[in-house]
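Owing to the predicted nature of the structure, the values given are computational and were not obtained by experimental measurement. Excluded from the calculations below are hydrogen atoms, water molecules and symmetry mates; all remaining heavy atoms, backbone and side chain alike, are included.
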Amino acid sequence: MDREEGEDWEPLRARAAWADVVPIPQDDGPRPVVPIAYTDQFREVMDYFRAILAKDERSSRALELTAEVIALNSANYTVWHFRRLVLEALRSNLEEELDFIESVAENNFKNYQIWHHRRWVAQKLGVGAVSGELEFTEIVLLDDAKNYHAWSHRQWVLQELGGWEGELDFCSRLLEKDVYNNSAWNQRYFVVTKSPLIGGLQAMREHEVHYCVDAIKAAPMNESPWRYLRGLFKGDQDALAHNPLVVAACIEEIRKDASCVQALSLLVDLLCAGFRPTPSDTELLHQPVSSPADLASNVCTHLENVDAMRARYWAWRRSLLPSTTPVS
């Protein structure tokens, strides 16, 4: 339950507005095994709610009662569903409903029903709700940068109602504050690949590669920009293996730290995708190699040591390598 029984709460049976309603008690059967110890307030509110639900009463008092039920248990899907039916029947002010949602969500931002209800309201309001919805999710994300519900809602708003104009800058601000925010990296990729305003992945690739490389230089062990970098070349591994910025960033980080798992991992992928290292590149691990496959094998062996938790994975990757690959 969301809150304790209120001392100033007036029982519904004592309210004149509810005198005509016969409450319907919960039926737990003749011999409930483990009866739940409901508070008197919760029991009575639910008994009256069952009564108006049985009559399908879509009135102002019904709307007020759903608010009381939600205050006690905001995860009750049936109450939220019925509230939507009542809101439609009464043609209620949905801007005011947004205020109600915010008051309920204040200490419960991970409640599925609250977000589902907010999406319904936003859809009813249409494009006029865009700025408010983006602002609301931003407030939530400032408190919890990984709140899945907020990100999901934000993406829904962008795709269904619009508001793409400042989204890439929004992602940049979040990453400037915390470059390890993998949710912001995910949102950035969503914008680059879905926004109708920036031309898609191909048009943004060069810009985003530069952005990634700068982020990698700032935090080489941060997995997110390395993953994002791979995503920029999804479906085009040949372009990844021959992109000079990608190759240079990978080589440079290994030069600085021969145990950088992210750079070593990418190097294996580059070699498997067709990257042909120069002689100086093959000296990275201070071992003589005769082919890219040999270098990839050495890197996998090295990763078995520096990335011990995934040692078996790197052994498996090494087993897939050809025995010889001619040097071009």
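Between Trp316 and Tyr313, the ring-plane angle classifies as tilted under the 30° and 60° cut-offs. Ring-plane geometry between His149 and Trp115 is classed as parallel, the angle between the planes falling under 30 degrees on a 0 to 90 degree scale with a further cut at 60.
The salt bridge (Lys or Arg N to Asp or Glu O under 4.0 Å) check on Asp214 picks up nothing, with sequence neighbours excluded. Residues meeting the ring pair (Phe, Tyr, Trp, His ring centres under 6.0 Å) test with Phe109, sequence neighbours left out: none. In this structure Trp120 satisfies the ring pair (Phe, Tyr, Trp, His ring centres under 6.0 Å) test together with His117, sequence neighbours excluded. Looking at residues two or more places apart in sequence or on another chain, you find a side chain to side chain contact (heavy atoms under 4.5 Å, CB included) between Glu206 and His210. In this view, Ala218 satisfies the side chain to side chain contact (heavy atoms under 4.5 Å, CB included) rule with no residue, not counting sequence neighbours. The side chain to side chain contact (heavy atoms under 4.5 Å, CB included) test applied to Val127 returns no partner, not counting sequence neighbours. In this structure Phe170 satisfies the ring pair (Phe, Tyr, Trp, His ring centres under 6.0 Å) test with no other residue, sequence neighbours excluded. Applying the side chain to side chain contact (heavy atoms under 4.5 Å, CB included) test to Leu98 and every residue at least two apart in sequence or in another chain returns Glu95, Ile101, Arg118, Val121, Leu125, Glu133. Partners of Trp314 according to the ring pair (Phe, Tyr, Trp, His ring centres under 6.0 Å) rule, which considers only residues two or more places apart in sequence or in another chain, do not exist here.
Screening residues 192-201 for side chain to side chain donor-acceptor pair (under 3.5 Å), with sequence neighbours left out, gives no hits. Note on residues 296-315: pairs passing salt bridge (Lys or Arg N to Asp or Glu O under 4.0 Å), not counting sequence neighbours, are Glu304-Arg318, Asp307-Arg310. The side chain to side chain donor-acceptor pair (under 3.5 Å) contacts involving residues 156-174 comprise Arg154-Glu167, Glu167-Gln187, Ser172-Arg188, where partners must be two or more places apart or lie in separate chains.
No hydrogens or angles considered: a donor-acceptor pair under 3.5 Å links the side chains of Glu57 and Ser59. A donor-acceptor contact closer than 3.5 angstrom links the side chains of Tyr228 and Glu208.
Remark: Asp47 does not engage Arg13 in a salt bridge, criterion side-chain N to carboxylate O under 4.0 Å. Taking 4.0 Å as the cut-off between side-chain N and carboxylate O, Arg58 and Asp56 count as a salt-bridged pair. Under the 4.0 Å criterion applied to side-chain N and carboxylate O atoms, Arg50 and Asp27 are not assigned as salt-bridge partners.
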With side chain to side chain donor-acceptor pair (under 3.5 Å) as the criterion, how do Asn108 and Ser74 come out once you've worked through the C-alpha distance, each side chain's angles and the decisive distance to 0.1 Å? CA-CA 9 Å; Asn108 203 359; Ser74 61; 2.9 Å; yes
